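Please read the structure below before turning to the comments.
Below, read A as the first sequence line, B as the second, and so on, with proteins coming before strands; counting in each chain starts at 1. As the structure is a computational prediction, the values presented were derived from the model and not from experiment.
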2 protein chains.
Amino acid sequence: MSLTPATQQGRATKERIVRGAAALIAERGAAATSLDDVLAATGASKSQLYHYFEDKHGLVEAVVDHQCAAVLGLQAHALASVSSWEDLERWAGMMVAIVEDHGARGGCPIGTLAAALSDTDERLRTSLAEAFRAWSDAIRGALMRLQANGLIAGRADIESLTTFTLSAIQGGLLLAKTSRDAGQLRIALDGAILQLRANAAGRP
Amino acid sequence: MSLTPATQQGRATKERIVRGAAALIAERGAAATSLDDVLAATGASKSQLYHYFEDKHGLVEAVVDHQCAAVLGLQAHALASVSSWEDLERWAGMMVAIVEDHGARGGCPIGTLAAALSDTDERLRTSLAEAFRAWSDAIRGALMRLQANGLIAGRADIESLTTFTLSAIQGGLLLAKTSRDAGQLRIALDGAILQLRANAAGRP
DNA sequence: GCCGGACTGGACTGTCAAGTCCAACCAGCG
DNA sequence: CGCTGGTTGGACTTGACAGTCCAGTCCGGC
C-alpha cells in the first residue's frame, strides 16, 4: 500500500520517482533495476522512496499501474477515433511508426512486464490482465463502430476478433523487438486487418 | 564460452545443471534465479558450476540454447507432419492442450525469455531471434506442403502468412498466460487458421 | 513567532548472491 | 604403484542491494 502524498511537492516527488523507475524498468526489467539506480536517475533519496512506497514491490506495483495507464490512454484515444477502414490503417501505421522510432527496441511495456511478472506475482498478474482487458474493450469499441457503420457484417464474432487482434498486436511487438525489425509488427497488423476485412459486410 | 566436458560423468553433470537451471528460470525468470537455487535444485556444487560455465551469464546462455532446442524440436516435429487442414487443427489442439495442462502458466519459454532478455543482452537476443527464425521455417514448411497439396492458393504470400501465424502463436500464449486462460490461445490460433483458410485454393 | 506534520538527506546494517580458491577425489595409464 | 588431468566439495571473500533510522528542513495554521 503506497502512501498518497498530502502536498503538491510530495505529489511531484512521488510522480518523479515512478516515472524514472518506469523508464529504467522498461529498458532493463524490474529485477535488473535497483533502488539505487532509481534514486540516482531521479535525484531522490532513500527516505523519499520509502516514505511513499512500502518497499520495492510497492514501487513496482506503482510502475505497472503507471505503464498500463499510459499505454491504455494512448490506445483508447487512438482507437476511439476509428470508424472506417482508413482510420484502422492509420492506427496500424501509427503503431509501426512508434516502434520504428524506438529502433524496434522495448516492444510493448505492458507485454514485457506481463511476460516477466505474470508468473512471479499474482497481484501484478491480475493488474496486467486487467490492462489487457481494458485494451480489448478499446478494440471492441472500434470494431463495433465499424460494424455500426456497416463495414463489418452483423453476424461477425466481434468478441473473437477482438482477442485475435490483440494477440496479433502483442505477438507482432514481441517478434519485432526480438528481431529488431518493425516490419514483423507491420505484417502481423496487416494480417489482423485483413482478417477483419474478411468479415466485411457484403455489398448492400 | 562454456567448457565441454571430457568425460561421460562430466557431461551428465553439465546436462543436469542446465536442465535444472532451465526449469527454475522458466518459472521465475533469469534474474530471480540465483546460482544457489540452481545448486540446491540439482545437488551440484559451486565448483562444478564454475568448472563448466564461465559465469552466471554463461549459464543463462546455455539455458537459452537448451530451451530453444527443446521448443524447436517439438514444433519442428509436430509441424513436419502437417499436410492437411485436419493436421493443422490437430496441431493447434495440441498447443492448447499443452498450455491447459500447465494451468495456463509459463507460456512459451522462448517468448518469455525473449521479452526479458532481448533488451538486456545482444548475444542472447540474436539467439532468440534465430530460434524464432527456425520456428518460422517449420511453419513455412507446413504451409508450403499445404500449398503443394493444393489447399492453399499458389499466389498466396506464404512469407507473410508464416510471420503472421507465429505472431498469433506468441500473442496468444502471452494473453493466455497473463489471463490464466488457455481459451485466449485457442482464439488466436483459430483466427490464424481461419486466415490461412481464407487463402484456400479455389475449387479446381 | 512557533508548533506540528509532511517531507528530505544520507549514513548505517544485515543479508544474500556472485565469484574465488584450494584441498581433495577418482579414473586411466605408464 | 604413482602420476596426471578431469572432476568435486564447500569454505571464504567481496560487493551490492533492500531496508532502517534519525536528525534534520520546510511550510501552513494559530
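Rounded to whole angstrom, the span from the CG atom of B:D55 across to the C1' atom of C:dA18 amounts to 9 Å. Rounded to whole Å, the distance from CG on A:L39 to C1' on C:dT8 is 12 Å. Between the CG atom of A:D36 and the C1' atom of C:dA11 there is a distance of 13 Å, given to the nearest Å. Between B:E54 atom CD and C:dG19 atom P there is a gap of 10 Å when expressed in whole angstrom units. Atom NZ in B:K56 sits about 16 Å away from atom P in C:dC16, given to the nearest Å. Atom OH in A:Y50 sits roughly 18 Å away from atom P in C:dC12 (whole-Å rounding). In this structure, NE2 of B:H57 is placed 11 Å from P of C:dG19, rounded to the nearest angstrom. When the P atom of D:dC17 is taken as reference, atom CG of A:D37 falls 6 Å away, rounded to whole Å.
Rounding to the nearest 0.5 Å places CG of A:L72 at 11.0 Å from CD of A:Q67.
Each of D:dA18, D:dG10, C:dA18 was ranked by its minimum atom distance to the side chain of A:L35; first place goes to D:dA18. Closest to the side chain of B:S45, out of D:dA18, D:dG10, C:dG9, is D:dG10.
Looking only at side-chain heavy atoms (C-beta outward), A:M95 and A:Q75 come within less than 4.5 Å of each other.
At least one donor-acceptor pair under 3.5 Å links the side chain of B:Q48 to the backbone N or O of B:S45. A donor-acceptor pair under 3.5 Å links the side-chain atoms of B:D87 to the main chain of B:S83, judged by distance alone. Not a single donor-acceptor pair under 3.5 Å links the side chain of A:Q170 to the backbone N or O of A:S167.
Ion pairing of A:E130 with A:R125 is absent here, as no side-chain N (NZ or NE/NH1/NH2) approaches a carboxylate O to less than 4.0 Å.
Figure legend: B:K14 and B:F53 shown as a cation-pi pair, the cationic atom lying under 6.0 angstrom from the six-membered ring centre and within 45 degrees of its axis.
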Using a cutoff of under 3.5 Å, can you pull out all pairs of nitrogen or oxygen atoms linking the protein to nucleotides 3-7 of chain C, with atom names and distances?
| residue | atom | partner | partner atom | Å |
| --- | --- | --- | --- | --- |
| C:dC7 | OP1 | A:A6 | N | 3.0 |
| C:dC7 | OP1 | A:T7 | N | 3.0 |
| C:dC7 | OP1 | A:T7 | OG1 | 3.1 |
| C:dC7 | OP2 | A:H51 | NE2 | 3.4 |
| C:dC7 | O5' | A:Y52 | OH | 3.2 |

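Between the base of C:dG19 and the side chain of B:K46 there is a donor-acceptor pair shorter than 3.5 Å.
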